[in-house]
Amino acid sequence: MWKKKHNWLIAAAALLVIVLLGMDVCHAVNPETGVHYAVRFKDRLIYILFIILSFILSDVTLMSARQPFYQVFLGITNAIVLLGFQIWILVDFFTTKLPSGLRMSSVYSLSVGSVFPLIAIILLVLAVRFAADEGTAQRLARAFEKKAGK
């Protein structure tokens, strides 16, 4: 299973997603007091649900290592989930109003962790491409074996 590079890419995407539970979505520093404020991924239920769903999809994708076309389907599904997660982060950041009446985007700044779903999407797209190539090679090999056997 670990001999194939697409499995490593899927595992890297899963690790990127699960690491988000310990990271900040956005942060701000009060210049007068120096106090650091942060919104963490684990503070919002919808973020936790996206992270858990993506991690489970990645695990199921890794467990189906012998079926490359099933991996392609699950990888694309996971990439769509992560795209929705990335869009949700941005929409939430730009539309949420703070109790003071200001928008979150005017006070806070996005952290590095907020682009991890985008990086995971890129890794999954590469993994899907490699898995599709492997699946095509397997089908061609079976077709040649059938033809040679007749």
Side-chain angles (χ1 to χ4, degrees), residues 1-140:
M1 175 170 116
W2 293 108
K3 294 179 183 177
K4 300 170 185 168
K5 57 187 163 187
H6 60 271
N7 289 333
W8 285 101
L9 291 169
I10 294 167
L15 285 175
L16 270 177
V17 169
I18 205 68
V19 163
L20 290 176
L21 287 173
M23 297 186 78
D24 300 336
V25 179
C26 54
H27 57 275
V29 177
N30 187 339
E32 297 170 359
T33 61
V35 177
H36 180 76
Y37 300 99
V39 176
R40 301 183 66 88
F41 280 100
K42 66 180 181 180
D43 293 342
R44 299 199 179 197
L45 180 64
I46 191 70
Y47 292 162
I48 294 172
L49 292 176
F50 271 117
I51 290 169
I52 290 172
L53 178 62
S54 177
F55 188 73
I56 289 172
L57 279 171
S58 294
D59 284 347
V60 172
T61 305
L62 283 174
M63 295 304 148
S64 64
R66 294 184 183 247
Q67 302 166 342
F69 286 114
Y70 191 58
Q71 277 189 319
V72 168
F73 170 73
L74 288 172
I76 291 171
T77 305
N78 197 0
I80 291 169
V81 166
L82 285 171
L83 181 63
F85 185 29
Q86 185 69 53
I87 291 170
W88 191 277
I89 290 170
L90 293 174
V91 168
D92 194 25
F93 179 72
F94 287 111
T95 60
T96 301
K97 288 189 179 181
L98 299 172
S100 63
L102 295 171
R103 291 200 186 276
M104 186 183 287
S105 59
S106 64
V107 178
Y108 287 84
S109 59
L110 286 172
S111 68
V112 175
S114 62
V115 295
F116 276 18
L118 188 62
I119 296 169
I121 290 170
I122 293 168
L123 292 173
L124 285 171
V125 167
L126 289 172
V128 162
R129 181 171 179 208
F130 293 139
D133 289 346
E134 180 190 341
T136 304
Q138 283 180 359
R139 282 194 176 179
L140 283 173

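None of these values were measured; they are calculated from a predicted model.
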Worksheet item: Any idea how F85 and F50 line up, ring-wise: parallel (<30°), tilted (30 to 60°), or perpendicular (>60°)?
Response: parallel
Fill in: Residue of the set P117, S54, S58 for which side chain to side chain contact (heavy atoms under 4.5 Å, CB included) holds with V17
S54
Discussion item. Rounded at 0.5 Å granularity, tell me how far CG in L57 sits from CG in L62.
Written reply: 11.0 Å
Practice prompt. Please report the shortest heavy-atom distance between I76 and V128, naming the atom on each side.
Written response: N-CG2, 3.9 Å
Discussion item. One pair to check against side-chain contact (heavy atoms from CB on, under 4.5 Å): K5 and L126. What are the steps and the verdict?
Written reply: CA-CA 10 Å; K5 57 187 163 187; L126 289 172; over 6 Å; no
Worksheet item: In Å, rounded to the nearest 0.5 Å, how long is the span from CG of L123 to CG of N78?
Response: 11.0 Å
Fill in: Working for side-chain contact (heavy atoms from CB on, under 4.5 Å), residues R44 and V25
CA-CA 10 Å; R44 299 199 179 197; V25 179; over 6 Å; no
Practice prompt. Assess whether atom OH of Y70 is packed by more than 12 heavy atoms of other residues, nucleotides or ligands within 6.0 Å.
Written response: no
Worksheet entry | Pairwise side-chain contact, I51 with K42, heavy-atom cut-off 4.5 Å (strictly under) | no
Item to complete: Would you confirm whether R40, through its side chain, and G22, through its main-chain N or O, come within 3.5 Å as a donor-acceptor pair?
Response: yes
Fill in: For the student: nearest non-hydrogen atoms of S64 and L74, plus distance
OG-CD1, 4.1 Å
Worksheet item: Any side-chain heavy-atom pair from V107 and Y37 closer than 4.5 angstrom?
Response: no
Worksheet entry | Check against side-chain contact (heavy atoms from CB on, under 4.5 Å), L110 and L90 | CA-CA 9 Å; L110 286 172; L90 293 174; 3.9 Å; yes
Worksheet, complete the sentence: On a heavy-atom basis, the closest approach of V91 and T95 is O-OG1, 2.5 Å
Discussion item. Quick one, Q71 and I10 - any side-chain contact, counting heavy atoms below 4.5 Å?
Written reply: yes
Worksheet item: Can you tell me how far CG of L9 sits from CZ of F130, rounded to the nearest 0.5 angstrom?
Response: 6.5 Å
Fill in: Side-chain heavy-atom pair T77, T61 within 4.5 angstrom cut-off
no
Discussion item. Return the CG to CZ distance between L16 and F116, rounded to the nearest 0.5 Å.
Written reply: 5.5 Å
Discussion item. Please report the interatomic distance CG(D43) to CD1(I48), rounded to the nearest 0.5 Å.
Written reply: 8.0 Å
Worksheet item: What heavy-atom pair brings L20 and G113 nearest, and what distance separates the two atoms?
Response: CD2-O, 3.2 Å
Worksheet item: Shortest non-hydrogen contact from H6 to A131?
Response: CD2-CB, 3.8 Å
Fill in: Heavy-atom side-chain proximity of I89 to F41 below 4.5 angstrom
yes
Worksheet item: Which heavy-atom pair separates F93 from C26 by the least distance, and what is that distance?
Response: CE1-CB, 3.9 Å
Item to complete: Could you tell me whether the side chain of E134 and the main chain of R129 form a donor-acceptor pair under 3.5 Å?
Response: no
